Protein chains: 2
Amino acid sequence: MRPEDLPEIRHLHLFRDMAQANFESLMASSYAQIFPQGLEMIRQGDPADFLHIVLEGSVELFAQWSGRECTMAVLRPVSTFILAACIRDAPYLMSARTLERTRIILVPASDLRAMFRHDTEFAVSVINELAACYRSVVRNAKTLKLRNSRERVASYLLRQSLLAGGVASYILPVEKRLLASYLGMTPENLSRTLRLLEADGIKMDGARVIITDREKLTVLAQPDRLIDGSDEIAGQTGSGLPDR
Amino acid sequence: MRPEDLPEIRHLHLFRDMAQANFESLMASSYAQIFPQGLEMIRQGDPADFLHIVLEGSVELFAQWSGRECTMAVLRPVSTFILAACIRDAPYLMSARTLERTRIILVPASDLRAMFRHDTEFAVSVINELAACYRSVVRNAKTLKLRNSRERVASYLLRQSLLAGGVASYILPVEKRLLASYLGMTPENLSRTLRLLEADGIKMDGARVIITDREKLTVLAQPDRLIDGSDEIAGQTGSGLPDR
DNA sequence: CATTAGAATTGACAATTATCAAGTGTTTGG
DNA sequence: CCAAACACTTGATAATTGTCAATTCTAATG
């Protein structure tokens with residue numbers, strides 16, 4: 001692991017509050033690895049031996065069943081993944097593959113489990129992290145069950161704009177076929193839906209999204225902080241989403 | 001709270017391992033409440049002030065958006081709910097209503113948050129509980145995205161049979177319209193699907209499910225421990241589901 | 001026991017979404 | 001720069017799922 005990695009990892013909520021000595025001990029047993037693009041680094045069902053931290057590149061979490069697969073999330077630096085499997089010492093529920101050349105830190109799950117018994121501040125951080133992850137998946141399930149595909153696309157586009165600071169135009173952060181899978185639809189359906197949304201305030205130009213009529217898009221997307229928001233730190237207002 | 005409630009609560013994984021004095025302290029600030037049938041006891045968006053424990057009756061967790069609603073889970077004794085919202089001191093993401101007359105213990109969220117900083121064993125229990133909840137929602141999201149409604153129904157029916165010990169016949173634990181919403185479909189669609197599944201090894205008689213051809217149903221349902229399983233305690237085999 | 005409200009079913013139909021196939025565009029590696 | 005691979009789009013069609021309306025069934029209540 002490079003020495004310049006440590007501060008970046010240390011800044012993560014998960015590691016921010018633990019004692020320095022404990023952080024160093026955890027990092028001492030961890031190591032970095034670089035994966036080429038398109039490598040399936042985690043296969044669902046395998047035992048969870050390492051907490052993963054993305055430092056560079058990007059990673060797709062996906063699930064498979066009966067010959068089908070779907071994208072569950074895309075992770076970018078700096079973030080951790082598959083914490084829950086590590087904690088429960090259980091098989092991964094999702095697979096992971098790199099979307100580009102990616103540098104990952106691997107933290108042994110057993111050290112992790114030992115550490116939160118030893119360092120209360122770290123335990124509290126793990127609790128907060130897991131609670132946030134849980135709520136994030138619940139939001140996801142809500143969008144899948146309550147919105148149809150057109151509404152999911154519209155709210156996704158609006159949310160991305162807000163995440164980028166309310167800009168009127170931005171580049172999609174992922175390929176469209178991957179976005180389609182993430183949103184629970186086929187690439188063909190996404191393609192047609194994006195076209196149809198040109199009547200509702202957006203315009204596509206390749207991977208560029210241009211919001212031409214935010215009011216109209218908002219009426220369709222009905223953004224909701226209990227779905228599209230994220231758990232902000234107390235005191236921050238966050239996404240600028242309405243209460244309901 | 002009744003004195004006979006305490007052992008039941010104490011047996012929950014969440015409270016099993018904490019110091020007795022701490023458990024008593026937590027319970028001392030908690031109180032019981034009885035709700036009539038059909039009462040909306042939690043409204044999504046409200047601040048999370050109490051961890052809830054169902055002691056008698058049953059509770060539906062549901063989500064609302066834009067005039068629609070869907071069932072997210074049904075809880076029965078003895079179990080806790082909305083732990084994550086309490087921990088993050090954030091608004092509830094789901095609403096809750098009683099499905100029958102229900103007795104609930106309310107544990108103040110602030111006491112809860114103070115307690116896991118104070119009692120390491122409790123912190124570890126919270127970590128394990130949250131990780132299990134997270135994995136449970138991920139399984140849910142997987143079934144929604146990877147299976148069509150027929151497959152969701154089939155795997156639900158098979159799973160319930162296995163949970164009841166592999167019985168060939170059992171009563172549905174919830175009303176069909178609620179089951180439909182839980183499975184992400186309309187009551188009409190569920191009704192028709194159940195009828196169609198009579199060609200695939202099941203037979204319905206009111207709320208009774210009769211599995212007439214387990215092999216055939218299994219071929220359709222393709223049960224998968226990474227979706228239909230639950231995080232068993234190490235050493236136990238659990239649901240009897242295949243690895244893939 | 002009769003009444004009634006709500007659950008469940010069924011049919012007809014509409015909307016949504018997926019599939020298949022063909023083609024266009026874009027990127028990448030030799 | 002060219003060729004190949006792959007993403008994306010579009011059209012035609014099929015499958016799935018939802019909606020609306022009308023019964024039938026079931027369970028709770030007075």
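All figures in this text were calculated on a predicted structure; none of them were measured in a lab. Below, all heavy atoms of this structure are taken into account, side chains as well, without hydrogens, waters or symmetry copies. Residue numbers start from 1 in every chain, and the chains themselves are labelled A, B, ... in the order their sequence lines are given, proteins ahead of strands.
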Distance, nearest 0.5 Å, that separates [atom1] of [X] from [atom2] of [Y]:
X: B/L162; Y: B/S155; atom1: CG; atom2: OG; result: 11.0 Å
X: A/S149; Y: A/R192; atom1: OG; atom2: CZ; result: 11.0 Å
X: A/E198; Y: A/T212; atom1: CD; atom2: OG1; result: 8.5 Å
X: A/L183; Y: A/K176; atom1: CG; atom2: NZ; result: 13.0 Å
X: A/D213; Y: A/I202; atom1: CG; atom2: CD1; result: 11.5 Å

Checklist line | Nearest heavy-atom neighbours spanning A/A63 and A/Q44 | finding: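 Where A/A63 meets A/Q44 most closely, the heavy atoms are CA-OE1, 3.6 Å.
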Next item on the list: Mind listing the closest non-hydrogen atom pair of B/L12 and B/V78 along with its distance?
Entry: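 Smallest heavy-atom distance, with atoms named: CD2-O, 3.2 Å.
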Item checked: Span of DNA chain D in contact with chain A (heavy atoms, under 4.0 Å) ->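 Reading along DNA chain D, I get D/dA7 to D/dA12.
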Check: Salt bridge or not for A/D224 and A/R147, using N-O below 4.0 Å?
Finding: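 No salt bridge links A/D224 with A/R147.
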Notebook entry, point to check: Do A/R103 and A/D5 meet the salt-bridge criterion of a basic N to acidic O distance under 4.0 Å?
Noted result: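 So A/D5 pairs with A/R103 through a salt bridge.
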Checklist line | With sequence neighbours excluded, residues passing salt bridge (charged side-chain N to carboxylate O under 4.0 Å, His left out) with A/E151 | finding: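 A/E151: salt bridge (charged side-chain N to carboxylate O under 4.0 Å, His left out) contacts with B/R68.
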Could you tell me whether [X] atom [atom1] has more than 12 heavy atoms of other residues or ligands within 6.0 Å of it?
X: A/R150; atom1: CZ; result: no
X: A/E4; atom1: CD; result: yes
X: A/R159; atom1: CZ; result: yes

Next item on the list: Going 5' to 3' through nucleotides 19-30 of chain C, assign each nucleotide B (protein heavy atom under 4.0 Å from a base atom), S (under 4.0 Å only from sugar-phosphate atoms) or - (no protein heavy atom that close).
Entry: BB----------
What pairs of nitrogen or oxygen atoms, one from the protein and one from nucleotides 5-7 of chain C, lie under 3.5 Å apart?
from: C/dA7; atom 1: OP1; to: B/R177; atom 2: NE; distance (Å): 3.0
from: C/dA7; atom 1: OP1; to: B/R177; atom 2: NH2; distance (Å): 3.2

Between [N] atom [atom2] and [X] atom [atom1], what is the distance in whole Å?
X: A/L196; N: C/dT17; atom1: CG; atom2: P; result: 11 Å
X: B/M204; N: C/dT10; atom1: CE; atom2: P; result: 12 Å
X: B/L194; N: C/dT9; atom1: CG; atom2: P; result: 7 Å
X: B/R195; N: C/dT9; atom1: CZ; atom2: C1'; result: 8 Å

Margin query: Tell me which residues in residues 143-156 of chain A lie within less than 4.0 Å of DNA chain D, going by non-hydrogen atoms.
Written below: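 Hits under 4.0 Å, by residue number: none.
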Next item on the list: Classify the ring geometry between A/F50 and A/Y31 as parallel (under 30°), tilted (30 to 60°) or perpendicular (over 60°).
Entry: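 Rings of A/F50 and A/Y31: perpendicular, as their planes differ by over 60°.
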Next item on the list: Look at the rings of B/F81 and B/H52 and say which category their plane angle falls in: under 30° parallel, 30 to 60° tilted, over 60° perpendicular.
Entry: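 Tilted.
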Checklist line | End axis versus end axis in the helix from C/dC1-D/dG30 to C/dG30-D/dC1, the angle rounded to 10°, five pairs used at each terminus | finding: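 Terminal axis comparison yields 50°.
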